[in-house]
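Encoded as structure tokens, the structure appears first; notes follow it.
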Amino acid sequence: VQLQASGGGLVQAGGSLRLSCAASTRTFSNRGMGWFRQAPGKEREFVAHITWNGSGAFYADSVKGRFTASVDGAKNTVYLQMNSLKVEDTAVYYCAARKPTTILSAAREVTSYAFWGQGTQVTVSS
């Protein structure tokens with residue numbers, strides 16, 4: 001599975017961005033896709049998860065109510081709509097395909113994911 005993330009950029013605080021992640025295949029069609037982020041000097045952290053049928057969406061507390069994950073099955077693409085961006089949202093954002101052997105309750109863990117996109121930089125200025 002190849003994942004191509006895009007849509008990052010520079011935005012002012014309070015602004016919005018939409019990230020996209022195109023998958024070369026939906027081999028794990030009954031599993032989920034995750035969004036993670038990594039800021040300089042910090043560990044990669046969970047942001048959001050969604051399954052290909054659009055269910056199973058949940059978010060990190062830090063982005064709940066501001067970020068929304070969605071899918072377009074016809075395009076094998078998942079999205080992350082990010083609104084009300086804050087300076088602390090600045091990071092490289094990654095999409096990832098969850099391993100078929102993992103359970104939903106483990107979807108916040110980096111180790112639950114088998115394939116990762118290359119990352120896209122999101123910078124929020126004050």
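Numbers for residues simply follow the sequence, beginning at 1. Small disclaimer: the values here were computed from a predicted structure and weren't measured. Reckoned from all heavy atoms, side chains included, excluding hydrogens, waters and symmetry mates.
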> With distance as the sole test, does S24 use its side chain to make a donor-acceptor pair with the main-chain N or O of Q2 at under 3.5 Å?
Replying inline: yes
>> Is it the case that the side chain of Y79 and the backbone of D72 share a donor-acceptor pair, with hydrogens and angles ignored and the cut-off at 3.5 Å?
In response: no
>> To the closest 0.5 Å, what do you measure between OG (S55) and CD1 (I50)?
In response: 7.5 Å
>> H49 vs L104, test: side chain to side chain contact (heavy atoms under 4.5 Å, CB included). Steps then yes/no.
In response: CA-CA 9 Å; H49 173 274; L104 188 59; 3.3 Å; yes
>> Set out, in order, the CA-CA distance, both residues' side-chain angles and the distance that settles side-chain hydrogen bond (donor to acceptor under 3.5 Å, both in side chains) for Y93 and R37, then state yes or no.
In response: CA-CA 4 Å; Y93 283 71; R37 66 187 182 187; 2.9 Å; yes
> Do S16 and N83 have side-chain N/O donor and acceptor atoms under 3.5 Å apart?
Replying inline: yes
> Any chance the side chains of S6 and Q4 put a donor and an acceptor closer than 3.5 Å?
Replying inline: no
>> Would you say the ring centers of F36 and F46 fall short of 6.0 Å from each other?
In response: yes
>> Please give me the minimum heavy-atom distance between A69 and A48, naming the atom from each residue.
In response: CB-CB, 4.4 Å
> Between Y94 and T120, is a side chain to side chain contact (heavy atoms under 4.5 Å, CB included) present by the stated rule, with each step listed?
Replying inline: CA-CA 7 Å; Y94 299 89; T120 184; over 6 Å; no
> Could you go step by step and tell me if E88 and T90 meet the side-chain hydrogen bond (donor to acceptor under 3.5 Å, both in side chains) rule?
Replying inline: CA-CA 5 Å; E88 51 263 42; T90 295; over 6 Å; no
> Between A13 and S126, which heavy-atom pair has the shortest distance, and what is it?
Replying inline: CB-CA, 4.5 Å
> Should V122 and L19 count as side-chain neighbours, where that means a heavy-atom distance under 4.5 Å?
Replying inline: yes
> Can you name the residues that form a salt bridge (charged side-chain N to carboxylate O under 4.0 Å, His left out) with R66, not counting sequence neighbours?
Replying inline: D89
> With a 4.5 Å heavy-atom cut-off, do K99 and F115 have their side chains touching?
Replying inline: no
> Does F58 reach the side chain of R108, with side-chain heavy atoms less than 4.5 Å apart?
Replying inline: yes
>> Quick test of your reading: applying disulfide (SG to SG under 2.5 Å), list the pairs with at least one residue in residues 31-126, sequence neighbours left out, ordered by first then second residue.
In response: C21-C95
> Would you say L3 and W116 make side-chain contact, with heavy atoms under 4.5 Å?
Replying inline: no
> How about R98 and Y113: does a side-chain donor come under 3.5 Å of a side-chain acceptor?
Replying inline: no
> Do L17 and Q81 come within less than 4.5 Å of each other through their side chains, counting heavy atoms only?
Replying inline: no
>> If we ignore hydrogens and angles and just use 3.5 Å, is the side chain of S62 paired with the main-chain N or O of A60 as donor and acceptor?
In response: no
> Taking C-beta and beyond as the side chain, do M33 and W52 meet within less than 4.5 Å on heavy atoms?
Replying inline: yes
> Taking only residues two or more places apart in sequence, or in another chain, which ones meet S125 in a side-chain hydrogen bond (donor to acceptor under 3.5 Å, both in side chains)?
Replying inline: none
>> Within the structure provided, determine whether L80 and V47 are in side-chain contact (heavy-atom separation under 4.5 Å).
In response: yes
